[in-house]
Amino acid sequence: MSRQIKLIWDFRGSASAKTAEHHEIHLKEYIAIEKIPVNITGFEIKNEMHAIAFMVVTDENMIAVRDALKPHRGEIYTE
């Protein structure tokens with residue numbers, strides 16, 4: 001099985017939680033449109049001024065998704 005990469009978008013400020021939650025909706029839409037095989041998304045509130053939205057892709061899809069959606073960072077995904 002190929003490696004899974006967690007692509008992360010950072011949101012900061014007092015509205016970061018709502019922004020990250022909304023961004024996840026768009027990530028799910030992108031997965032459906034592009035038929036990406038891994039369907040793992042989410043958002044996490046780190047603190048009151050920082051939240052993230054993320055999606056998990058395989059090595060094979062990472063470059064195409066990265067170039068299209070421009071995440072702020074990425075890391076190896078472990079469940």
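As the structure is a computational prediction, the values presented were derived from the model and not from experiment. These numbers come from the heavy atoms of this one structure, side chains and all, not from hydrogens, waters or symmetry mates.
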Quiz item: Can you check whether I5 reaches E75 side chain to side chain, under 4.5 Å on heavy atoms?
Solution: no
Quiz prompt | Reported CG-to-NZ distance for the pair N61 and K35, which is rounded to 0.5 angstrom | solution = 13.0 Å
Quiz item: Parallel, tilted or perpendicular: which describes the rings of H23 and W9, with under 30° parallel and over 60° perpendicular?
Solution: tilted
Quiz item: Quick one: does V57's side chain get under 4.5 Å of Q4's, heavy atoms only?
Solution: no
Quiz item: Is the cationic atom of K6 (NZ for Lys, CZ for Arg) positioned less than 6.0 Å from the six-membered ring centroid of F54 and within 45 degrees of its normal?
Solution: yes
Practice problem: Rounded to the nearest 0.5 Å, what's the gap from CG on L7 to CZ on R66? Could you check? | Solution: 9.5 Å
Self-check item: Gap separating the CD atom of E34 from the CD atom of E29, nearest 0.5 angstrom
Solution: 12.5 Å
Quiz item: Can you name the residues that form a salt bridge (Lys or Arg N to Asp or Glu O under 4.0 Å) with E60, not counting sequence neighbours?
Solution: none
Quiz item: What is the distance from atom CE of M55 to atom CG of N39, rounded to the nearest 0.5 Å?
Solution: 8.5 Å
Quiz item: Got Y30 and L69 here, is their nearest side-chain heavy-atom distance under 4.5 Å?
Solution: yes
Quiz item: What distance do H50 atom NE2 and I45 atom CD1 have between them, rounded to the nearest 0.5 Å?
Solution: 11.5 Å
Quiz item: When you look at CD1 of I25, are more than 12 heavy atoms from neighbouring residues, nucleotides or ligands closer to it than 6.0 Å?
Solution: yes
Quiz item: Can a donor-acceptor pair be found between the side chains of T41 and E24 at a distance below 3.5 Å?
Solution: yes
Quiz prompt | Any T58 side-chain heavy atom under 4.5 Å of S2 side chain | solution = yes
Quiz item: Partners of D59 by salt bridge (Lys or Arg N to Asp or Glu O under 4.0 Å), sequence neighbours excluded?
Solution: R3
Quiz prompt | Counterpart residues, side chain to side chain donor-acceptor pair (under 3.5 Å), relative to S16 (two or more places apart) | solution = none
Quiz prompt | Residue pair V65 / I36, side-chain heavy-atom distance below 4.5 Å | solution = yes
Self-check item: A51 versus A20, closest heavy-atom pair with distance
Solution: CB-CB, 3.8 Å
Quiz item: What's the spacing between T19 OG1 and I52 CD1 if we round to 0.5 Å?
Solution: 14.0 Å
Quiz item: Among the clusters formed by ILVMFWY side chains lying less than 4.5 Å apart, do I31 and Y77 turn up in the same one?
Solution: no
